[in-house]
Amino acid sequence: MTRLTPQDGIALVTGAGSGLGRALALELARQGFTVAAVGRRRSALEETQEQAPQGRVLIWPLDVADPAAVTRCVAGITTDHGPVALLVNNAAVYPRRDILDETAESFLHSVAVNLGGTVACTRAVLDGMVARGRGRILNVATFADLQPLPASAAYSVSKGAARIFTRALVADLGDRFPGIVIGDWMPGMLRTDMGIPDGLPPELSARWGVDLALRCDPDLNGAVFERDTEVLPPLGLKSRIKQALTGQRRRPRRLAPQA
């Protein structure tokens, strides 16, 4: 199994000031990576930095909804600390507003963060990955686009569009640059500000996410995982018939986080 190592370069985690983003950054730091922790609030990023092994987390205050600022940030990271080998697009907002309370401006702000931030950060690291022929992009996703909850229109639309962006990236890059592995990961309902009180501890989910993020096998390109299990694409009629006739059924891959 091909895995990224700290020698491959920097790990960049967006939304790293709290919740799942902080847990992902800390888990990567514990595994020896230098982590560029990105988020809007410096004080929150400093708390993440204080919890990490000395010198492993570098903080970069940034609003990912500002594409020009994202470009400058990634350029600064690569100039000062080397190439970005891993990008985890985790930053998101979930305003929980009824559509009658949304304005066009508030709706599009969610789109600018949840979709625009993913696009901007991905585009900022891609040229370096293409030049090296290797890299990993993991987009933190959700099923919200398939089953939207009440008061979640902006979140559902923007996160659903980000899942389409993942598939579009694979369509554009998969054949030409198989060493750049891109996929979606749904961490499950978490015990965070954006989650639910009885959800999973983000530290547990982060172990699955980091295990998946460090797997750089080309056959994971376009794969979707929920928590620790692959979500298989639906089968067409011919595939279902073949499966019934042969008895051969593809089984989803499982993650086994490192201790």
Side-chain angles (χ1 to χ4, degrees), residues 1-16 21 24-25 27-28 31-38 60 62 64 67 70-92 114-141 159 161-187 206 208-226 230-233 252-253 255 258:
M1 178 174 62
T2 302
R3 293 181 70 86
L4 291 179
T5 70
Q7 288 68 45
D8 288 307
I10 299 288
L12 194 163
V13 180
T14 67
L24 289 165
E27 181 64 26
L28 284 162
Q31 296 202 25
F33 282 82
T34 298
V35 181
V38 167
W60 294 78
L62 173 70
V64 297
V70 169
T71 300
R72 291 193 299 269
C73 175
V74 173
I77 291 169
T78 56
T79 297
D80 294 345
H81 303 285
V84 174
L86 166 64
L87 168 65
V88 181
N89 279 310
N90 167 74
N114 298 350
L115 173 61
T118 296
V119 173
C121 291
T122 298
R123 191 62 192 87
V125 304
L126 262 181
D127 286 348
M129 291 182 177
V130 165
R132 297 188 306 279
R134 178 172 164 84
R136 185 72 164 102
I137 299 173
L138 188 66
N139 295 327
V140 178
K159 293 294 284 186
R163 293 216 306 155
I164 296 172
F165 179 61
T166 298
R167 300 198 296 273
L169 283 171
V170 173
D172 272 354
L173 302 173
D175 291 338
R176 289 181 292 163
F177 305 102
I180 302 174
V181 180
I182 305 164
D184 284 331
W185 172 59
M186 286 163 280
W208 294 326
V210 167
D211 181 53
L212 179 59
L214 297 184
R215 298 183 184 209
C216 204
D217 294 313
D219 65 355
L220 282 173
N221 217 6
V224 179
F225 278 73
E226 183 179 15
E230 184 179 13
V231 179
L232 297 178
R253 289 169 283 195
L255 302 174
Q258 305 299 302

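Just so it is clear, the structure is predicted and the values come from calculations on it, not from any experiment. Along the sequence shown, residues carry numbers from 1. All values below come from the heavy atoms of this structure, side chains included, with hydrogens, waters and symmetry mates left out.
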Query - Those residues that, when tested against Asp184, pass salt bridge (Lys or Arg N to Asp or Glu O under 4.0 Å) (two or more places apart) - result: none
Query raised in the report: Where do Arg3 and Asp217 land on the side-chain contact (heavy atoms from CB on, under 4.5 Å) test, with the steps shown first?
Result: CA-CA 7 Å; Arg3 293 181 70 86; Asp217 294 313; over 6 Å; no
Query raised in the report: Are side-chain heavy atoms of Val140 and Pro187 found at a separation under 4.5 Å?
Result: yes
Query - Gap between atom CG of Leu138 and atom OG1 of Thr166 - 0.5 Å precision - result: 8.5 Å
Report task. List for me each residue that meets side-chain contact (heavy atoms from CB on, under 4.5 Å) alongside Asn221, sequence neighbours excluded, and say none if there are none. Result -> Val170, Val181, Ile182
Requested in this report: Could you pull out the closest heavy-atom pair between Thr14 and Ala91, with the gap in Å?
Outcome: OG1-N, 2.8 Å
Query raised in the report: Do Leu24 and Val35 have side-chain heavy atoms sitting under 4.5 Å apart?
Result: no
Report task. Could you pull out the closest heavy-atom pair between Gly15 and Asn90, with the gap in Å? Result -> O-ND2, 3.3 Å
Query raised in the report: Given side chains that start at C-beta, do those of Val13 and Leu87 come closer than 4.5 Å, heavy atoms only?
Result: no
Query - Audit row: Trp185, Asn139, side-chain contact (heavy atoms from CB on, under 4.5 Å) steps and yes/no - result: CA-CA 6 Å; Trp185 172 59; Asn139 295 327; over 6 Å; no
Query raised in the report: Checking Arg163 side chain against Lys159 main chain: does a donor-acceptor pair fall under 3.5 Å?
Result: no
Report task. Could you tell me which non-hydrogen atom of Leu255 sits nearest to which non-hydrogen atom of Trp208, and how far apart they are? Result -> CD1-O, 3.4 Å
Query - Side chains of Phe33 and Leu86 in contact at under 4.5 Å (non-hydrogen atoms) - result: no
Query - Minimal non-hydrogen separation, Leu28 against Ala11, with atom names - result: CD1-CB, 4.0 Å
Query raised in the report: Taking side chain as C-beta onward, heavy atoms only, is Val224 less than 4.5 Å from Glu226?
Result: no
Query raised in the report: Taking only residues two or more places apart in sequence or in another chain, which ones pass side-chain hydrogen bond (donor to acceptor under 3.5 Å, both in side chains) with Glu230?
Result: Arg250, Arg253
Query raised in the report: Restricting to pairs with a member in residues 5-16, which pass salt bridge (Lys or Arg N to Asp or Glu O under 4.0 Å), not counting sequence neighbours?
Result: Asp8-Arg134
Requested in this report: For residues Thr2 and Cys216, determine if any side-chain heavy atom of one lies less than 4.5 Å from a side-chain heavy atom of the other.
Outcome: yes
Report task. Sort and list the pairs that fulfil side chain to side chain donor-acceptor pair (under 3.5 Å) and have at least one residue in residues 117-132, not counting sequence neighbours. Result -> Asn89-Thr122, Arg123-Asp127
**Report entry** More than 12 heavy atoms of other groups within 6.0 Å of Asp80 CG
**Finding:** yes
Requested in this report: Verify, without hydrogens or angle tests, whether Arg136 (side chain) and Leu214 (backbone) share a donor-acceptor contact under 3.5 angstrom.
Outcome: no
Side-chain donor-acceptor pairs of residues 70-77 under 3.5 Å, sequence neighbours excluded:
| residue | atom | partner | partner atom | Å |
| --- | --- | --- | --- | --- |
| Thr71 | OG1 | Pro67 | O | 3.1 |

